[in-house]
Amino acid sequence: MEQINTYINTHKDRFINELNDLLRLPSISADPAYAEDVLATAKAVESSLIAAGCENTEICETKGYPVVYAEKMIDPNLPTVLVYGHYDVQPPDPMDLWDSPPFEPVIKPTKLHPDGAIFARGACDDKGQFFMHVKAVEFMIKNNQLPCNVKFMIEGEEEVGSDSLGDFLKKNREKLKNDIILISDTGMIANDVPSITTGLRGLSYVEVEVTGANRDLHSGIYGGAAPNPINVLAKMIATLHDENNHITIPGFYDKVEIISDEERAEMAKAPFDLEEYKKALDIGDVHGEKGYTTTERFGIRPTLDVNGIWGGYTGEGAKTVIASKAYAKISMRLVPDQDWHEITDLFTKYFESIAPKSVKVKVKPHHGGQAYVTPIDSIGYQAAAKAMETTFGKTPVPQRTGGSIPIVALFEKVLESKTILLGFGLDSDAIHSPNEHFGVWNFLKGIETIPYFYKYFTEMNA
């Protein structure tokens, strides 16, 4: 593995150029207008795996966008690592908030990335991160240093709920058989504070529709008499939290995992600067559930947030109208033991129950997933920690994060495999937001670290 830094220094410009080519493809799975671009991205991913030295590569059809599969099997008696990633990206909206076009990668320095960061949609989530694995495996194959077997499963629907992945897993259990699943779709605390994500929150995502009259109404003639769905929806949403920012849905907290004071004290040891956090977000103060710290609020507690709300006239100028309908998209981040199907049902019943008789309410579930926790005493975690310690010179901090990767729990259920979340992004990399970026240093550090995971995982399984 000592050759890895030489290999990176020799090929880093090529690595970055190849990643930029991938980032130029607008693989927006949520928008059917980009279907051809999503499919073209799948082909580009397959080509990159072939170039890296993988075998038996294929673009596997599903009921939605395809899964790209590849492998390099050197000995059936050795462990097998399954690398998961996704080639689809979030929509780039709002476009006017990007400093440069989202699908024209630009490298420029930032305060946290003095060596430069790649600005583009998908740079960190997840093209840049899964591409680290492609390049790490390229190094190991071309230098005869691959110590075990490797398989790749890169999908194209993660940003819309991975609807096709469940069937794909069930139909391909034998093909996907592995000893550990390795994912880089998370982050770390800081470039000088390496960390490994040990917990992910689950997710329930719904869309609500509130209907008043059978048509839009003149606000002068009907205002004050006919129901205004936008007003009603705003009041209904406001009742979902109490004065302590506690979620008011009956039964919502019944199965929430209780974290001991000892565990909370250990989590509190992770570096966190509240003032710097507020400064980075340009906010006057933090906001959340009473009785918990900021890091606990986004790591170990469930939440409910409105992701979008609309209705009526929003164009230029004025239009005095009472809209017939109002809509909102709402996500609930869940913690271990909360079942997302159950939470969706609880939300639906409660939201319908608080609606006044003057309106009709529909709740449309979109997608969701279960929470997940990785044991830190597992061989997979220990191998990842030793790999990070080798390349960073520091022992990584185990950290629960607020994000969700719904398919991780599904992997354990269907493939009976544990997952290691070895991410190299930073919270400030603006994933899902305008000006998403990924540090060049982080990208290359991931390529350097990943081969050591293979080395230590193989040795620990001997």
Side-chain angles (χ1 to χ4, degrees), residues 1 4 71-86 126 129-130 132-134 136-137 140 145-154 169 173 176-189 194-201 263 266-267 270 299 336 369-392 394-401 403-425 445-462:
M1 295 298 169
I4 181 63
E71 64 183 27
K72 184 67 175 181
M73 306 294 290
I74 60 174
D75 186 339
N77 296 314
L78 289 172
T80 297
V81 176
L82 174 63
V83 177
Y84 165 83
H86 64 93
D126 178 47
Q129 295 223 63
F130 86 70
M132 297 182 307
H133 290 270
V134 177
V137 167
M140 289 186 285
Q145 294 202 41
L146 183 64
C148 62
N149 306 306
V150 60
K151 298 176 180 178
F152 282 88
M153 177 177 61
I154 313 297
L169 296 179
R173 280 191 180 96
L176 301 172
K177 188 176 180 181
N178 65 84
D179 295 283
I180 197 76
I181 298 172
L182 189 58
I183 300 177
S184 294
D185 196 12
T186 52
M188 55 186 185
I189 294 173
S195 61
I196 299 173
T197 299
T198 57
L200 294 166
R201 290 193 291 188
E263 286 184 86
E266 284 299 310
M267 293 176 187
Q370 307 299 94
Y372 183 80
V373 176
T374 298
I376 62 173
D377 59 355
S378 65
I379 290 177
Y381 179 86
Q382 295 297 326
K386 190 173 181 181
M388 272 196 148
E389 189 171 352
T390 299
T391 58
F392 283 82
K394 295 181 179 180
T395 301
V397 177
Q399 183 188 40
R400 293 198 187 189
T401 185
S404 304
I405 308 179
I407 41 76
V408 171
L410 184 65
F411 287 158
E412 182 159 348
K413 180 180 179 181
V414 179
L415 301 180
E416 300 179 347
S417 301
K418 292 293 183 183
T419 295
I420 301 302
L421 300 160
L422 190 62
F424 292 85
K445 182 60 76 172
I447 298 171
E448 177 190 355
T449 304
I450 290 165
Y452 285 101
F453 172 84
Y454 284 76
K455 169 182 167 64
Y456 297 135
F457 184 72
T458 303
E459 290 175 354
M460 291 177 184
N461 275 281

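- Between Tyr454 and Gln145, every side-chain heavy-atom pair lies at or beyond the 4.5 Å cut-off.
- Under the ring pair (Phe, Tyr, Trp, His ring centres under 6.0 Å) criterion, Tyr84 pairs with Phe411, sequence neighbours left out.
- Atoms CD1 and CD1, from Ile4 and Ile447 in turn, are 7.5 Å apart once rounded to the nearest 0.5 Å.
- For Phe424, there are no ring pair (Phe, Tyr, Trp, His ring centres under 6.0 Å) partners two or more places apart in sequence or in a different chain.
- For Arg201, there are no salt bridge (Lys or Arg N to Asp or Glu O under 4.0 Å) partners two or more places apart in sequence or in a different chain.
- Every residue was checked against the salt bridge (Lys or Arg N to Asp or Glu O under 4.0 Å) condition with Lys151, not counting sequence neighbours, and none meets it.
- Partners of Phe453 by ring pair (Phe, Tyr, Trp, His ring centres under 6.0 Å), not counting sequence neighbours, listed by chain and number: Phe457.
- Applying the salt bridge (charged side-chain N to carboxylate O under 4.0 Å, His left out) test to pairs two or more places apart or on separate chains, none has a residue in residues 377-386.
- Evaluation of the salt bridge (charged side-chain N to carboxylate O under 4.0 Å, His left out) test over residues 411-423, restricted to residues two or more places apart or in two chains, returns Glu412-Lys418.
- Residues meeting the side chain to side chain donor-acceptor pair (under 3.5 Å) test with Asp126, sequence neighbours left out: none.
- Legend: residues meeting salt bridge (Lys or Arg N to Asp or Glu O under 4.0 Å) with Glu71, ordered by chain and number and at least two apart, are absent.
- Looking at every heavy atom in both residues, Met73 comes nearest to Val150 through SD-O, 4.4 Å.
- Not a single ring pair (Phe, Tyr, Trp, His ring centres under 6.0 Å) links Tyr452 to another residue, sequence neighbours left out.
- Of all heavy-atom pairs between Pro79 and Cys148, the closest is O-CB, 3.1 Å.
- Take Glu389 and apply the salt bridge (Lys or Arg N to Asp or Glu O under 4.0 Å) test, not counting sequence neighbours, and it matches no residue.
- For the side chain to side chain donor-acceptor pair (under 3.5 Å) test, residues two or more places apart in sequence or in another chain that qualify with Thr390 are Tyr456.
- You'll find the side chain of Lys445 stays beyond 4.5 Å of the side chain of Pro194, heavy atoms only.
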